[in-house]
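Okay, structure first, notes after.
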Amino acid sequence: MSVQTSHSAENFAGRILGWYDRAARVLPWRIPPNSGHVPDPYRVWMAEIMLQQTTVAAVAGYFERFTARWPSVQHLAAADDADVMAAWAGLGYYARARNLLACARAVVRDHGGHFPDSEAGLRALPGIGDYTAAAVASIAFGRAAVVVDANIERVIARHRRITTPLPMAKREIRAALAPLVPNDRPGDFAQALMDLGATICTPRGPACVICPVMTDCMARARGDAESLPVKPPKKAKPHRHGLAYWIEEADRLWLVRRPDKGMLGGMRALPGGAWEDDPPAESGIARIDHSFTHFDLTLTLVRREVPLSAAEGEWWPLSDLDAAGLPTLYRKLTDKMREKDG
DNA sequence: GAGGCGTGGCG
DNA sequence: TCGCCAAGCCT
């Protein structure tokens, strides 16, 4: 991975790290630069999984709750699946939670409770891809890995003015970044580039005038930083419809668990039918709209008297629905019913 | 390589 | 309002 470091590369890393020393964001999972503290690989890993495609603001509370409740990988590995899934509810991309548990158990079972300290070792664990392996190797273990996330992609595509469209540009971006990675403080370097992308080299309206690497940024010189990186066009989202069943008895609600694969896999949910292209005939007692990554959904809530015999599920106290850990889609329905009934 | 996979915030 | 986007991974 690492390489001969040219004079200009040192200069780049130096300016990035100098800026980071002054401007690093204070985050619950982050060791402040030059504090002399040693990062806990478990916490670094936990944060990286939660931050996949998810904003810092959304993650903060979940990170605090998870690390308080399961302070080590051994604690997490011993947790009940249902508790972990419920605690993840609302954060999205639920395959991450299933892989989080699988990964914790693999670390305990196959690695004596210690995370592998190499990129390749980390990459072999469930839920850890190229980015996360490099990020944990670099931040937790000081390895000079080439960390490339969407922020860093944007920073490098602009600095080197790489106009090849994504995802083809990834190869060029990685090649451009590799010789810039310092052997000293590689973790801070990666976090610095991500902070830079999040606060200065932003997708829209980048604040080039205060950027620590403005002087040799090729896109800045050309005045087209905001147009980079070039991304492929998005596809239109279809609209779907579905039914959900409100089955209530003695102040309890009938909940099911969705299958492990597919949408909202492994999560508690209201029972219901398949999601289809056409709206249902019934008008129901409530209706909500929800937008997923690849389709929009209108869900109609219908009252039913008894559980379907074949459906496996559980009666849940209506007074404690929050603890069920329903995904946001179903939370919208239960919130609406709570409003109606007072 | 392309598509499946959540959610909330922001301009 | 609504499209875009956020520390991607898996198949």
Side-chain angles (χ1 to χ4, degrees), chain A residues 24-25 27-30 43-63 85 88-100 102-103 122-140 145-155 165-171 187-199 201-205 226 229 231-240 258-267 269 275 288-297 325-332:
Chain A
R25 288 179 292 175
L27 302 172
W29 47 85
R30 176 175 286 176
R43 293 169 61 89
V44 173
W45 162 75
M46 175 80 72
E48 290 304 334
I49 300 299
M50 289 184 168
L51 285 163
Q52 290 168 4
Q53 297 288 283
T54 309
T55 57
V56 163
V59 165
Y62 285 86
F63 178 82
M85 298 310 289
W88 196 276
L91 197 56
Y93 284 139
Y94 298 101
R96 291 184 295 171
R98 301 194 299 273
N99 285 330
L100 189 81
C103 182
L122 291 160
R123 182 66 178 80
L125 291 165
I128 298 188
D130 289 339
Y131 161 75
T132 304
V136 174
S138 142
I139 297 167
V146 183
V147 180
V148 185
D149 79 321
N151 286 302
I152 298 178
E153 249 172 31
R154 186 170 58 254
V155 170
L166 290 172
M168 265 191 1
K170 285 175 178 292
R171 181 184 300 273
D188 282 349
F189 179 71
Q191 294 179 88
L193 285 178
M194 291 190 276
D195 272 23
L196 188 69
T199 62
C201 195
T202 51
R204 281 169 298 181
E226 188 163 2
K231 296 194 167 183
K234 310 255 177 201
K235 302 177 72 175
K237 280 199 276 194
H239 196 122
R240 292 184 184 155
R258 294 181 59 85
D260 274 335
K261 295 195 185 279
M263 289 289 299
L264 312 175
M267 299 300 289
W275 300 338
I288 57 96
D289 292 304
H290 192 75
S291 186
F292 293 113
T293 306
H294 55 298
F295 64 93
D296 295 324
L297 179 68
L326 293 175
T328 300
L329 167 67
Y330 296 108
R331 273 293 296 259
K332 285 183 179 178

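Lettering of chains follows the sequences in order, A, B, ..., and the numbering in each one begins at 1. Here the structure is a predicted model, which is why all the values come from computation and not from measurement.
When heavy atoms are screened at a 4.0 angstrom cut-off, A:Arg98 is found touching no nucleic acid atom at all. A:Trp45 comes within contact range of no nucleotide atom at all, as no heavy-atom separation falls under 4.0 Å. At a threshold of 4.0 angstrom between heavy atoms, the contacts of A:Leu264 are confined to the sugar-phosphate backbone, with no base atom among them. Heavy atoms of A:Met263 sit under 4.0 angstrom from primed sugar atoms or phosphate atoms, though from no base atom. Looking at heavy-atom distances under 4.0 Å, A:Ala150 makes contact with sugar-phosphate atoms alone, never a base. Among the atoms of the strands shown, only primed sugar atoms or phosphate atoms (P, OP1, OP2) are found under 4.0 Å from some heavy atom of A:Gly262. A:Leu27 comes within 4.0 angstrom of a base, heavy atoms only. Among the atoms of the strands shown, none is found under 4.0 Å from any heavy atom of A:Ile152.
For A:Tyr93 and C:dG8, the OH to P distance is 10 Å, given to the nearest whole Å.
Within the 3.5 Å criterion, the main-chain N or O of A:Arg204 finds no donor-acceptor partner in the side chain of A:Glu226.
Comparing atom distances between the A:Tyr94 side chain and each of B:dG3, B:dG6, B:dG1 picks out B:dG6 as nearest. If you check C:dC5, B:dG8, B:dG1 against the side chain of A:Pro203, the one that comes closest is C:dC5. When the nucleotides C:dC5, C:dC10, B:dC5 are ranked by their closest atom to the side chain of A:Arg123, C:dC10 comes out on top. Closest to the side chain of A:Thr55, out of C:dA6, B:dA2, B:dG6, is C:dA6.
With the nearest nucleotide of DNA chain B identified for both A:Met168 and A:Lys237, A:Met168 has the one nearer the 5' end. Comparing A:Arg204 and A:Gly90 by the nucleotide of DNA chain B that holds the closest heavy atom to each, the one mapping nearer the 5' end is A:Gly90. Both A:Leu125 and A:Lys234 lie close to DNA chain C; mapped to their nearest nucleotides by heavy-atom distance, the more 5′-ward contact belongs to A:Lys234.
In this structure, the side chains of A:Arg96 and A:Trp88 come closer than 4.5 Å at one or more pairs of heavy atoms.
Contact annotation: A:His290 side-chain N/O to B:dT7 OP1/OP2 distance is under 4.0 Å. The phosphate of C:dA6 has neither OP1 nor OP2 within less than 4.0 Å of any side-chain N or O from A:Gln53. Close to B:dG3, at under 4.0 Å from its OP1 or OP2, lies a side-chain N or O of A:Lys235. Contact between the side-chain N/O atoms of A:Thr132 and the OP1/OP2 oxygens of C:dC9 is found at a separation under 4.0 Å. Between A:Arg154 and C:dA6 there is a side-chain polar atom (N or O) within less than 4.0 angstrom of OP1 or OP2. Listed pair A:His294 / B:dC5 meets the phosphate criterion, a side-chain N or O lying under 4.0 Å from OP1 or OP2.
Atom name P, nucleotides C:dT11 and B:dG6: the rounded distance is 14 Å, in whole Å. To the nearest whole angstrom, the two P atoms, one in C:dC4 and one in B:dG3, are 16 Å apart.
Pair check for B:dG6 finds none; no Watson-Crick or G-U wobble contact set falls under 3.5 Å.
Across all their heavy atoms, A:Trp45 and A:Val136 have their closest contact at CA-CG2, 4.0 Å.
A salt bridge does not link A:Lys170 to A:Asp130: none of the charged nitrogens lies less than 4.0 Å from a carboxylate oxygen.
Contact of A:Thr293 with B:dG4 (side chain to base): no donor-acceptor pair of N or O atoms is detected under 3.5 Å. Side chain A:Thr54 to base C:dG8: no donor-acceptor pair is found below 3.5 Å.
Classified by interplanar angle (parallel below 30°, tilted 30° to 60°, perpendicular above 60°), the ring pair A:Phe295/A:Phe292 is tilted.
Few gaps surround CZ on A:Arg25; more than 12 heavy atoms of other groups in view lie less than 6.0 Å from it.
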